[in-house]
Amino acid sequence: MTVVTVLVVALCGGLGAAIRLALDGLIRGRSARSARLSTFPVGTLVINVTGSFILGLLAGLAQANAAPALLVSALGTGLMGGYTTFSTASFETVRLLQGRRWVAAALNGLGMLVIAVAAGVLGIVVGRLA
Amino acid sequence: MNENRPDDRDPRDERDPRDDARRLHPPENARLVRRDSAPELPLDPDTDAVDLASGRSLPVHLRPTSLLLVIAGGTVGTLVRELIDLALPRPGGLPVSILLINLSGALILGALLEGLVRRGPDEGRRRSVRLLVGTGVLGGYTTYSALAADSAKLLLGGDALLGVLYPLATLLLGALASLAGILLARRIVRAGAGA
C-alpha cells in the first residue's frame, strides 16, 4: 500500500465521519418528534447497518474482481470505516444499561450486531454476483 | 428551540424569571442567557443555534465549523486505524487489530464524554473537543462496518465458531471498556477537584 493510498483512505475516513455527523443529526431531528424513537439512538443504528452493508458489498465486489483495489480501500476502509463507529454505539449501549432500559440496551447492543452482520453477509453475497 | 427574536435588546436586561421560563426549555440555560455576552452561542447543544447574520437556524451538525472539526479528526483517526491494521497480522482470519482498535476507542470515548460532561455543559471549547476528538478521531478510529464485514467473512468462510465469538467478544468487552472509561474519568475529575 503506497503512501498516497494511505492518505486517500484517511481523507475518505474524515469525509465519512462528517457524513455520520450530518446524518445522525438529521435522524435525531426527525426521531425527536416520535415518542418511541426520541430516547433511542436510532441514528447510530442506521449508520452502522447501512455502512456494514456497503462494506460487505465492496468486499464482495473485490472478491469477484469487479472493483479496483484502490476504490475498495478508499470507499471501504476509508469512507465506511469513518462513517460507521463502534465507540459511540458501545457508549450508547452502556448509557441505556445505566438507565436500566434493558430492552433498548439489548436492541442497541446485540440487536445492532446481528442486523449489521446480516447486512454484511447480504452485501458480500450481492457483491459476489457482480 | 429556535428563537427568531430580534436581537436589538441586550439579553442581560431580561431579568424577569417568568420571561426566561417562557423563552427557554432547559432551566439551567436561563442562568447562561441572562449574563450572556455572546448570544450567538447555542442554547441547546444538540439542536439549533440561530445564525445572527441571516436569522436562520443552523443546526450544529450542519455548521461548517462542526463539519471541519469532524473531518480533521476523522482523517487522523482513520489514519491511525489503517496503520495499526497494516502492522498487525490476522491469525486465522481473526482481525486482532480491529478488536484492539474498537476496545481502546470505546475506553477513550467513555472517558472523554464523561470527563467533558463533568466539566460543564456541551458548548464552546468543550463541544469543539467533543466533535474533534469524540465524533472525529475516535469515530474514525473505531469502526462498526469492519466488525460486521469481517464477521460475515468468517461466517461465509465456514468458520462459524470464530464468526460468532469474534463479534460477541467485541460487543461484551466493548461495553466493559466504555464503562471502564466512564468510571476512570469520574475518578480523575473527582481527584482533580480535590474531593
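Quantities reported herein were computed from a predicted structural model and do not represent experimental measurements. Throughout, protein chains are lettered first and strands after them, A, B, ... in sequence-line order, and every chain is numbered starting at 1. All values below come from the heavy atoms of this structure, side chains included, with hydrogens, waters and symmetry mates left out.
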Against chain A, label [X] side chain, backbone, both or neither, depending on which of its atoms sit under 4.5 Å from a heavy atom there.
X         : result
Leu131(B) : side chain
Ile101(B) : neither
Ser104(B) : neither
Leu107(B) : neither
Leu62(B)  : side chain

Q. Looking only at heavy atoms, which of residues 148-160 of chain B get nearer than 4.5 Å to chain A?
A.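 Residues of residues 148-160 of chain B touching chain A at under 4.5 Å: Ala148(B), Ala149(B), Ser151(B), Ala152(B), Lys153(B), Leu155(B), Leu156(B).
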Q: Compute whether any side-chain donor of one residue and acceptor of the other, for Ser52(A) and Ser145(B), lie under 3.5 angstrom apart.
A: no
Close side-chain approach of [X] to [Y], heavy-atom, < 4.5 Å:
X         : Y         : answer
Tyr144(B) : Leu113(A) : yes
Asp24(A)  : His61(B)  : no
Phe91(A)  : Ile182(B) : yes
Met80(A)  : Thr143(B) : no
Leu168(B) : Leu110(A) : yes
Leu171(B) : Met112(A) : no

Within this structure, what is the [atom1]-[atom2] distance for the pair [X] and [Y], rounded to the nearest 0.5 Å?
X        : Y         : atom1 : atom2 : result
Leu11(A) : Ile71(B)  : CG    : CD1   : 9.0 Å
Arg95(A) : Ser178(B) : CZ    : OG    : 11.5 Å
Leu79(B) : Leu7(A)   : CG    : CG    : 7.0 Å

Between [X] and [Y], is there a shared hydrophobic cluster once you connect ILVMFWY residues whose side-chain heavy atoms come closer than 4.5 Å?
X         : Y         : value
Val129(B) : Leu68(B)  : no
Leu109(B) : Leu45(A)  : yes
Val94(A)  : Leu184(B) : no
Leu107(A) : Val46(A)  : yes
Val76(B)  : Val8(A)   : no

Under 4.5 Å, counting heavy-atom pairs only, tell me which of [options] racks up the most with chain B.
options                                 : answer
Cys12(A), Ala18(A), Gly14(A)            : Gly14(A)
Gly25(A), Gly123(A), Gly120(A)          : Gly25(A)
Ser87(A), Ala17(A), Ser90(A)            : Ser87(A)
Gly109(A), Gly56(A), Gly51(A)           : Gly109(A)
Thr88(A), Ile115(A), Thr77(A), Thr93(A) : Thr77(A)
Leu26(A), Leu97(A), Leu15(A), Val49(A)  : Leu26(A)

Q | Nearest non-hydrogen partners of Thr170(B) and Phe86(A), listed with the distance | A |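 Heavy atoms of Thr170(B) and Phe86(A) come nearest at O-CZ, 3.4 Å.
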(Q) Please find the pair of heavy atoms, one from Val6(A) and one from Glu82(B), that lie closest to each other, and give the distance. (A)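 Taking every non-hydrogen atom into account, O-OE1, 3.0 Å.
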Q: Identify which part of Ala89(A) has an atom lying under 4.5 Å from any heavy atom of chain B, answering side chain, backbone, both or neither.
A: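 Looking at Ala89(A), just its side chain touches chain B.
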Q) Is Arg90(B) atom CZ crowded by more than 12 heavy atoms from other residues, nucleotides or ligands, each under 6.0 Å away? A) yes
Q: Just give me the residue among Thr135(B), Ile108(B), Leu147(B), Leu172(B) that pairs up with chain A most often, heavy atom to heavy atom, under 4.5 Å.
A: Thr135(B)
Q. Looking at Gly174(B), Gly74(B), Gly139(B), Gly105(B), which one has more heavy-atom pairs under 4.5 Å with chain A than the rest?
A.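 Answer, by heavy-atom pair count under 4.5 Å with chain A: Gly139(B).
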